[in-house]
K.L.:
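This structure is in structure tokens; I'll ask about it shortly.
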Amino acid sequence: MSKRLDDDEKERKERLAYVGVLAASLIHEIKTPLHAILLTVQMLVEDSERLPPDLRPRFERRCRRVHQEVKSLARMLDAFLSFARPPKADPTPIDLNHFLRELMEFAKPEMDELGIVLETNLAEDMYPVVLDKNQFTHVVLNLLKNAQESIEAQREKSEEDFEGRIIVATAEDDEGITLVIQDNGTGIPPGDEEKVFEFFYTTKPKGTGLGLALVQRTIEEHRGRIRVEPIVERGARFVITLPRGHFLEFSDGSGENRTTRASARIRLKRDGHL
């Protein structure tokens with residue numbers, strides 16, 4: 001990397017750190033009155049029992065509307081704070097397939113309840129990767145949630161019987177380890193493939209527009225990259241590429257450190273990560 005690129009990256013990180021400090025202070029000042037508003041609305045609903053019966057339903061509807069909007073604003077503030085001041089990563093060498101199988105077991109009951117088929121197509125014997133498991137759990141669950149909501153939106157528009165389907169797949173090639181999450185929902189509007197990762201971009205009525213920006217930032221911090229591909233028939237495909245955990249080398253007794261696939265997996269197993 002050139003000195004110019006190093007300087008640009010350093011400046012970008014300094015700006016993000018400064019934004020984080022400002023965001024934390026500002027959000028703290030905003031959330032204090034927001035909590036006061038929520039408490040006041042709750043008390044107003046309790047007091048509504050003293051209203052005449054014909055006025056009570058409309059009053060309570062309006063209070064609930066205020067309550068929902070304030071909670072939505074609070075969620076947006078939390079999401080922005082997470083982006084501006086991310087927690088320190090704790091990378092761990094893992095078997096990506098094993099990690100995904102555990103997440104799919106967690107997500108499957110809800111998908112079954114919603115009538116969405118959750119399908120996996122995981123490549124065998126892949127090289128390990130190095131991830132912060134907590135951060136990457138949020139990445140995968142966020143993409144699954146987006147896929148679910150896209151399918152539900154498509155189902156509302158569809159006149160025929162519509163079977164929602166989400167496919168989670170992995171592969172390995174010369175570029176590294178690939179994770180694909182694909183759905184047959186409403187898809188991405190043409191030309192918006194890059195916009196979906198921008199701040200506050202959203203097509204959802206209640207969306208914050210920060211979810212995919214957080215996903216992209218987390219993946220980039222893991223030295224990976226993400227792109228979205230529209231599907232001609234219907235839906236969208238998110239493709240994540242991660243580097244192999246090449247530092248997982250160990251001595252096999254020959255006097256040389258090896259970084260073969262087998263040695264990396266032995267190291268994982270030895271350290272209790274597989």
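From a predicted model like this one, the values you see are computed outputs, not experimental measurements. Numbers for residues simply follow the sequence, beginning at 1.
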K.L.:
According to salt bridge (charged side-chain N to carboxylate O under 4.0 Å, His left out), does anything in residues 42-51 pair up with another residue at least two apart or in another chain? List the pairs.
P.N.:
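Non-adjacent pairs meeting salt bridge (charged side-chain N to carboxylate O under 4.0 Å, His left out): D47-R50.
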K.L.:
Would L131 and L96 count as a side-chain contact (heavy atoms from CB on, under 4.5 Å) here? Give the steps.
P.N.:
CA-CA 9 Å; L131 301 175; L96 183 61; 4.1 Å; yes
K.L.:
Can you confirm whether V140 sits close enough to M104 that some side-chain heavy atom of one is under 4.5 Å from a side-chain heavy atom of the other?
P.N.:
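In short, these two side chains touch, coming nearer than 4.5 Å.
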K.L.:
Please evaluate residues S48 and E60 with respect to the criterion side chain to side chain donor-acceptor pair (under 3.5 Å), reporting the C-alpha separation (whole Å), side-chain torsions for both, the decisive distance (0.1 Å), and the verdict.
P.N.:
CA-CA 7 Å; S48 68; E60 291 180 351; 3.0 Å; yes
K.L.:
Side-chain contact, heavy-atom cut-off 4.5 Å: E69 with R65?
P.N.:
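E69 vs R65: side chains touch.
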K.L.:
So which atom in L242 and which in G224 form the shortest heavy-atom distance, rounded to 0.1 Å?
P.N.:
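Closest heavy-atom pair between L242 and G224: CD2-CA, 4.3 Å.
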K.L.:
Flag the pair V117 / I167 as yes when at least one side-chain heavy-atom distance between them is below 4.5 Å, and no otherwise.
P.N.:
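No - every pair of side-chain heavy atoms lies 4.5 Å or more apart.
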K.L.:
Please write out which residues are connected to F59 in a hydrophobic cluster, directly or through intermediates, given that two of Ile, Leu, Val, Met, Phe, Trp, Tyr count as joined at side-chain heavy-atom separations below 4.5 angstrom.
P.N.:
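Direct or chained contacts put F59 with L44, L51.
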K.L.:
Strictly by ring-ring contact (aromatic ring centres under 6.0 Å, His included), give each pair with a member in residues 131-158 just once, sequence neighbours left out.
P.N.:
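Sorted pair list: F136-H222.
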K.L.:
If you define the side chain from C-beta out and look only at heavy atoms, does anything of E163 sit under 4.5 Å from R165?
P.N.:
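Result yes, sub-4.5 Å side-chain heavy-atom pair found.
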K.L.:
Which pair of heavy atoms, one from A236 and one from V228, lies closest together, and at what distance?
P.N.:
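Nearest heavy atoms, A236 then V228: CB-CG2, 4.3 Å.
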K.L.:
Output the distance between atom CG (N142) and atom NZ (K145), rounded to the nearest 0.5 Å.
P.N.:
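NZ of K145 is found 10.0 Å from CG of N142.
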K.L.:
Shared ILVMFWY cluster between L38 and V66, side chains joined below 4.5 angstrom?
P.N.:
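In one cluster: yes.
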K.L.:
Please identify each residue that fulfils side-chain hydrogen bond (donor to acceptor under 3.5 Å, both in side chains) with T178, with sequence neighbours left out.
P.N.:
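For T178, no residue satisfies side-chain hydrogen bond (donor to acceptor under 3.5 Å, both in side chains) once neighbours in sequence are set aside.
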K.L.:
For the backbone of K133 and the side chain of T137, can you confirm whether one donor and one acceptor N or O come within less than 3.5 Å of each other?
P.N.:
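The answer is yes, because a donor-acceptor pair under 3.5 Å joins these two groups.
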K.L.:
Any heavy-atom pair between the side chains of I166 and L144 that's under 4.5 Å?
P.N.:
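In contact.
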K.L.:
Would you indicate whether the side-chain heavy atoms of I240 and L143 approach each other to under 4.5 Å?
P.N.:
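Of all side-chain heavy-atom pairs linking I240 with L143, at least one is under 4.5 Å.
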K.L.:
What's the shortest heavy-atom distance between L122 and V168, and which atoms?
P.N.:
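Smallest interatomic distance, heavy atoms only, reads CD2-O, 3.9 Å.
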K.L.:
What residues join V180 in its hydrophobic cluster, counting side-chain heavy atom gaps under 4.5 Å, either direct or through other members?
P.N.:
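Noted: V180 shares its cluster with V239.
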K.L.:
List for me each residue that meets side-chain hydrogen bond (donor to acceptor under 3.5 Å, both in side chains) alongside E152, sequence neighbours excluded, and say none if there are none.
P.N.:
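By the side-chain hydrogen bond (donor to acceptor under 3.5 Å, both in side chains) rule, E152 matches no residue at all.
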K.L.:
Which residues pass the salt bridge (Lys or Arg N to Asp or Glu O under 4.0 Å) test with R58, not counting sequence neighbours?
P.N.:
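Applying salt bridge (Lys or Arg N to Asp or Glu O under 4.0 Å) to R58 gives none.
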K.L.:
Quick one: side chain to side chain contact (heavy atoms under 4.5 Å, CB included) partners of A123, sequence neighbours excluded?
P.N.:
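Only M126, T170 meet the side chain to side chain contact (heavy atoms under 4.5 Å, CB included) criterion with A123.
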K.L.:
May I have all residue pairs that pass salt bridge (charged side-chain N to carboxylate O under 4.0 Å, His left out) and include part of residues 100-110, sequence neighbours excluded?
P.N.:
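Every pair satisfying salt bridge (charged side-chain N to carboxylate O under 4.0 Å, His left out) with a residue in residues 100-110: K108-D112.
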K.L.:
With P109, which residues qualify under side chain to side chain contact (heavy atoms under 4.5 Å, CB included), at least two apart?
P.N.:
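Residues passing side chain to side chain contact (heavy atoms under 4.5 Å, CB included) with P109: none at all.
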K.L.:
Side-chain contact test, heavy atoms from C-beta onward, threshold under 4.5 Å: evaluate it for T120 versus L100 and give yes or no.
P.N.:
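A side-chain contact under 4.5 Å is absent here.
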K.L.:
Tell me, please, which residues at least two apart from T241 pass side-chain hydrogen bond (donor to acceptor under 3.5 Å, both in side chains).
P.N.:
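T241 satisfies side-chain hydrogen bond (donor to acceptor under 3.5 Å, both in side chains) with no other residue.
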K.L.:
Quick check: is I94 connected to L141 through a chain of hydrophobic side chains (ILVMFWY, heavy atoms under 4.5 Å apart)?
P.N.:
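Yes; tracing contacts between hydrophobic side chains, which count when under 4.5 Å, links both residues.
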K.L.:
Mind listing the closest non-hydrogen atom pair of D183 and G185 along with its distance?
P.N.:
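Answer, listing the atom of D183 first, then G185: OD1-N, 2.7 Å.
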K.L.:
Closest heavy-atom contact between I151 and G164?
P.N.:
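That closest heavy-atom pairing would be CG2-CA, 3.6 Å.
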K.L.:
With a 4.5 Å heavy-atom cut-off, do L212 and F238 have their side chains touching?
P.N.:
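A side-chain contact under 4.5 Å exists here.
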K.L.:
Mark yes or no for whether S150, through its side chain, and A147, through its backbone, hold a donor-acceptor pair below 3.5 Å.
P.N.:
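Not confirmed, S150 side chain does not pair with A147 backbone.
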K.L.:
Suppose we screen for side-chain hydrogen bond (donor to acceptor under 3.5 Å, both in side chains). Which residues come up paired with Q182, at least two apart in sequence or across chains?
P.N.:
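Listed in chain order: R237.
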K.L.:
Heavy atoms only: give me the nearest E172-Y127 pair and the separation to one decimal.
P.N.:
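Closest pair (atom of E172, atom of Y127, distance): OE1-N, 3.2 Å.
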